[in-house]
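Chain identifiers are assigned alphabetically (A, B, ...) following the order of the sequence lines, protein sequences preceding nucleic acid strands; residue numbering begins at 1 within each chain.
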Number of protein chains: 2
Amino acid sequence: MANPVLPSSGVLAPLGLDAVRLSPGFWGDRAALNREVTIDHCREWEEREGWIGNFRGERPRRGREFSDSEIYKLLEAMAWAGHPGLPALAETVAQAQEGDGYLNTRWSGSRYTDFEWGHELYCYGHLIQAGVARLRTHGQDLLAEVVLKAADHVCRRFMDGAETCGHPVIEMALVELYRATGTERYLEMARRFVERRGLPALADIPFGRGYYQDDVPVRQAQVFRGHVVRALYLASGVVDVAVETGDQELLKAVEAQWERTVARRTHLTGGMGSRHADESYGEDYELPPDRAYNETCASIASVMLAHRLLLATGDVRYADLTERTLYNMLATGVALDGRSFFYANPLQVRVPAVPHDGVNHAAEGGLRSPWFDVSCCPNNIARTLASLPAYLAAGAGDGIVLHHFTPSEIRHGRLAVRVETGYPWTGSVRVRVVDDGAGRIGLRVPAWAADATLARVPVSARDAPLPDGPVVRPVSPGYVHVEGPWRAGDELRLELPIRPRWTFPDRRIDALRGSAAVERGPLVYCAESVADEPPLGDLTVSTEPPVERPADDGAEGVVELEVTASIGGSADGGGWPYGAAGAPEDGADVRLRLVPYHRWGNRGPATMRVWLPTIPQAK
Amino acid sequence: MANPVLPSSGVLAPLGLDAVRLSPGFWGDRAALNREVTIDHCREWEEREGWIGNFRGERPRRGREFSDSEIYKLLEAMAWAGHPGLPALAETVAQAQEGDGYLNTRWSGSRYTDFEWGHELYCYGHLIQAGVARLRTHGQDLLAEVVLKAADHVCRRFMDGAETCGHPVIEMALVELYRATGTERYLEMARRFVERRGLPALADIPFGRGYYQDDVPVRQAQVFRGHVVRALYLASGVVDVAVETGDQELLKAVEAQWERTVARRTHLTGGMGSRHADESYGEDYELPPDRAYNETCASIASVMLAHRLLLATGDVRYADLTERTLYNMLATGVALDGRSFFYANPLQVRVPAVPHDGVNHAAEGGLRSPWFDVSCCPNNIARTLASLPAYLAAGAGDGIVLHHFTPSEIRHGRLAVRVETGYPWTGSVRVRVVDDGAGRIGLRVPAWAADATLARVPVSARDAPLPDGPVVRPVSPGYVHVEGPWRAGDELRLELPIRPRWTFPDRRIDALRGSAAVERGPLVYCAESVADEPPLGDLTVSTEPPVERPADDGAEGVVELEVTASIGGSADGGGWPYGAAGAPEDGADVRLRLVPYHRWGNRGPATMRVWLPTIPQAK
């Protein structure tokens with residue numbers, strides 16, 4: 001099955017790219033843009049930057065020590081998307097493989113001399129994920145051959161001993177290769193990598209061993225910590241190992257870590273990462289909006305982990321976080337034209353960026369960039385959008401469960417449905433049964449949807465007038481299931497209460513004290529101010545209900561909002577910004593436009609803030 | 001004169017270590033501890049870590065690329081303190097100097113191949129500052145010889161061309177060597193280094209050229225930015241060049257940059273630096289208490305700059321910031337036993353540190369450390385405390401101006417005074433004239449002292465009863481001057497209103513919204529909670545006047561404070577920390593003890609916060 005994650009057991013069964021087909025709509029449009037634009041964009045930049053040339057032996061070698069992995073992520077994207085460029089690129093990669101399976105353009109002369117920073121096993125991990133994608137979409141070929149040879153090399157070299165890699169990903173890659181091939185040593189190798197971590201297996205570094213989750217064995221950890229992408233890739237592999245070995249204790253450990261992390265270390269957008277210095281989680285409740293790191297790749301890793309936990313447990317909270325992360329992080333990470341990307345995703349930008357269309361040497365900035373020195377994010381977006389259908393729905397027995405609502409067709413067993421909706425702009429979701437069939441249909445009612453309703457409309461009653469019309473019943477957040485059998489044309493009509501709402505932070509989040517944000521359905525909104533006009537640095541909003549508006553730029557269907565704000569009276573705070581309490585100044589009232597967070601940064605250099613002050617400051 | 005900064009002109013004239021003698025008291029005790037303990041502590045660690053051995057040619061070379069500079073800072077401290085170990089250490093250093101004057105234990109085989117990160121000119125800068133200290137306290141000797149040879153090498157190598165160093169300090173060092181020797185090429189070399197910067201002179205890096213102030217010429221910059229120590233060392237050198245060349249435009253540029261930086265980029269403690277990633281300033285009003293970096297060295301650099309600006313202009317605001325920085329940063333940077341140090345100085349610590357008495361590999365942590373991989377701070381503290389008297393008072397014509405009040409004796413021209421005070425614990429300052437003399441005496445009334453009083457008490461009237469007693473008059477913040485002539489025994493009695501006060505942040509500082517801090521005199525206070533009991537993560541304080549208390553640990557004279565706080569009712573915020581507004585929970589009322597910020601972290605692992613929430617959070 002064309003699916004990046006195929007556990008052998010779990011409460012839910014994954015549905016792959018062959019079972020879920022996107023139609024034009026919020027995600028279908030993005031997947032098409034990815035297939036038609038972003039994948040080639042990545043390939044062109046990797047050629048231009050010399051990272052592909054490294055495999056052809058061009059010297060001097062170019063790019064960072066982990067640049068091989070970008071080509072592998074791209075290969076995975078190509079595999080899921082059925083991109084015709086894959087065989088040629090795979091052939092280039094194969095040129096660099098050594099006789100015993102070793103493959104790395106940076107370290108071939110000095111193999112395995114730097115486990116902390118070398119990223120060799122990390123590169124294999126991404127290579128193997130590309131190979132699994134190829135095996136499941138195409139079957140055996142040169143890429144699959146390269147991958148198996150490399151995986152066998154890894155097992156020979158690392159099965160015994162205590163070594164592991166500073167950057168996880170090999171764990172989940174090996175489990176998936178085991179699932180794809182049935183070769184048990186891949187699972188055993190993954191299990192050992194998981195169990196070695198935290199004994200410790202790696203050297204101490206200035207960031208501390210927590211940076212690469214080597215501070216404590218994974219079973220004993222209480223929370224995700226350190227480098228966010230590392231933490232979440234590792235946790236994904238741990239879930240995979242736990243599921244395949246039936247290790248409930250291990251699974252519970254990750255569930256508990258996830259729970260605390262979501263409750264205390266996650267930004268409103270679903271983004272994770274509070275520190276730039278080591279791209280890491282902060283401490284509990286350390287969630288600064290301006291310095292939020294929220295790496296795009298971390299959000300992808302979060303979706304990968306939540307998906308695995310959802311399949312294993314069926315617990316709706318994993319789907320709720322995934323929805324939040326998809327709409328506010330993944331959709332934010334790439335521009336509307338598919339050719340530029342955010343790396344960090346802060347919730348506040350104070351100074352408009354300076355436009356620049358070359359490589360962004362930093363990982364941040366208030367405008368999306370076409371490329372980065374470390375370009376994990378563009379390739380990671382490409383492979384995720386190319387495999388997105390696998391995350392939207394699942395099988396449960398002979399039934400279907402819909403986690404996310406976007407125009408699509410879904411088949412599983414004897415059941416086929418078509419989803420029609422303007423979600424996330426509107427809350428009406430229509431699920432129409434395509435052929436006569438059986439099996440339950442489950443729909444997720446999101447956690448924010450407190451007064452949703454559901455109607456089952458038999459095809460025979462579709463045009464019936466009330467009171468003979470469909471029975472509308474209230475449904476609560478969580479999964480709601482409707483039993484079959486079904487006649488072709490039967491419909492489920494879910495109405496989600498999509499309207500703007502004010503959201504307040506937990507009182508322990510110091511950085512957000514006295515502020516509130518606006519959400520609407522699954523979308524987080526933000527004030528975006530082109531050229532900082534009006535200025536966003538000194539305002540107070542009124543938390544009356546926001547007013548809906550069509551998009552300023554005319555984008556069809558897009559809903560923007562307006563709230564009332566008072567803009568501070570004086571630009572000058574005097575020579576010292578601390579002092580005795582004073583009366584709040586009278587500011588000028590303005591109507592402040594809020595745009596969906598995922599659409600910000602597409603209108604030129606701007607300031608932005610998600611969290612809006614609600615109390616006048618004392619000085 | 002024994003003084004680190006001797007401009008040839010300026011509104012105020014510096015008074016050196018020979019003119020200002022500290023008596024036992026707040027600073028006198030610290031200077032003595034520094035002389036008796038800290039300097040030897042630094043030398044022992046530098047020997048143990050191999051950084052001194054590098055000069056003896058011991059291999060492999062140990063320490064970071066700039067470790068030579070630590071030995072130079074230590075040599076400067078030894079010179080000011082008259083430490084007997086100086087000649088032997090200078091002899092060791094001299095061994096590594098090459099025939100043409102080049103001296104660097106890291107780069108001798110590959111000179112000047114990395115201006116961005118090599119720190120070669122930075123090391124010379126500190127070497128030269130040590131040499132100036134030696135020249136001014138002792139005169140010509142081996143160390144001075146090494147320094148002049150090195151300085152001449154620098155001038156030969158760099159007078160023409162466009163090169164400079166990624167880390168400034170060479171600029172102010174060369175100007176001071178010019179002042180000490182009269183050799184004009186040193187001034188010219190410094191001037192060229194200043195003017196080259198920002199053309200640009202250095203390569204672009206991921207942090208951006210702003211990191212080392214090479215983004216824009218110094219005359220055009222609007223504010224300090226990038227790496228804080230670099231920015232302030234450079235600005236100090238710029239002031240020195242401006243003063244010696246009579247370049248008013250250049251001086252005004254630095255004054256304007258300082259003004260904006262103090263108004264928008266400075267923490268309540270006087271600390272500067274909001275980002276860990278590049279040890280840099282944040283943007284305007286980006287002042288997070290928890291992630292405040294506030295490097296100890298940055299505060300020293302800030303004092304160095306403010307001192308230069310004060311001498312040049314006589315403007316009291318430079319002395320006000322210096323006072324704040326000395327009492328809340330310099331005094332905080334070193335433990336009460338003189339053997340451990342803070343590198344970063346945040347205003348909030350959420351998790352008690354784990355005790356550890358070896359090298360701290362990171363630059364942060366909630367307990368002071370005996371040493372760091374990058375140990376600039378201990379040596380910088382040592383040289384600053386050893387030369388502290390030079391910062392406390394100045395000459396103005398035949399008069400004396402007292403910037404800072406601490407027990408001491410001060411002589412200038414025909415005037416000699418003795419200062420007696422319990423400052424900063426009490427606000428009574430008595431300045432007694434020692435011998436008959438003439439000249440004005442100036443006293444700084446700090447900006448926070450809104451209702452201070454001053455009395456002039458002739459020796460003849462010292463015991464006179466009212467109404468024949470001294471006339472007490474109100475004095476306003478700024479300098480107040482009293483004319484001579486003087487009789488031995490005449491007194492000035494300054495009464496500063498030292499009582500606790502609540503301080504609020506400018507409304508543009510998002511990270512401090514809804515919080516207030518307590519100050520008392522020049523001291524910032526903080527809640528320190530050993531083992532986080534009571535917990536500081538979820539409290540609301542009442543801003544009633546704090547109550548004064550003797551120190552919990554019995555320290556004589558030290559004043560602690562108590563306020564009323566409500567500790568949050570529930571430790572659990574639920575599964576997701578954002579949601580609809582709810583009624584504030586009832587918490588438990590506690591009396592919360594506040595300690596002077598500079599004394600925190602001396603009682604074992606603790607949490608700490610300067611800014612105390614004043615509003616109940618909504619969720």
P352(A) versus T607(A): any side-chain heavy-atom pair under 4.5 Å? yes
Check R507(A) with D538(B), please: is the shortest side-chain N to carboxylate O separation under 4.0 Å? yes
Checked A511(B), G537(B), A516(B) vs chain A; the most non-hydrogen pairs under 4.5 Å come from G537(B)
Ring-ring centroid check W448(B) Y578(A), cutoff 6.0 Å: no
Tightest non-hydrogen contact, residues G273(A) and V228(A), listed as CA-CG2, 3.6 Å
Which one, E364(A), R609(A), R260(A), E286(A), leads in non-hydrogen pairs under 4.5 Å with chain B? E286(A)
Counting only non-hydrogen atoms closer than 4.5 Å, does A362(A) touch chain B with its backbone (N, CA, C, O), its side chain (CB onward), both, or neither? both
Heavy-atom cut-off 4.5 Å, strictly under: side chain, backbone, both or neither for E519(A) against chain B? neither
What part of R291(A) gets within 4.5 angstrom of chain B, counting heavy atoms only: side chain, backbone, both, or neither? side chain
Under a 4.5 Å cut-off applied to non-hydrogen side-chain atoms, are V524(B) and R324(B) in contact? yes
So which part of T266(A) gets closer than 4.5 Å to some heavy atom of chain B, the side chain, the backbone, both or neither? both
For the pair Y293(B) and Y281(B), evaluate side chain to side chain contact (heavy atoms under 4.5 Å, CB included) and give the outcome as yes or no after the intermediate values. CA-CA 9 Å; Y293(B) 195 67; Y281(B) 288 100; over 6 Å; no
Could you check which of V262(A), L268(A), D278(A) has the highest count of heavy-atom pairs closer than 4.5 Å to chain B? L268(A)
For chain A, which of P289(B), P206(B), A363(B), A517(B) has the most heavy-atom pairs under 4.5 Å? P206(B)
Contact part of E283(A) toward chain B, heavy-atom cut-off under 4.5 Å: side chain, backbone, both or neither? side chain
If you measure from the Lys or Arg side-chain nitrogens to the Asp or Glu carboxylate oxygens, is any gap between D320(A) and R317(A) under 4.0 Å? no
How about S274(B) and L287(B): do any of their side-chain heavy atoms sit closer than 4.5 Å? yes
For each of R501(A), H276(A), R275(A), E259(A), tally heavy-atom pairs with chain B at distances under 4.5 Å, and name the one with the top tally. R275(A)
Checking W502(A) side chain against T543(A) main chain: does a donor-acceptor pair fall under 3.5 Å? yes
Please look at R265(A) and chain B and tell me whether the side chain, the backbone, both or neither of the residue comes under 4.5 angstrom of a heavy atom of that chain. neither
Counting only heavy atoms closer than 4.5 Å, note whether L539(B) contacts chain A via side chain, backbone, both or neither. neither
Side chain, backbone, both or neither: which part of R350(A) has an atom under 4.5 Å from a heavy atom of chain B? both
Whatever's closer than 4.5 Å to a heavy atom in chain B on N360(A) counts as neither
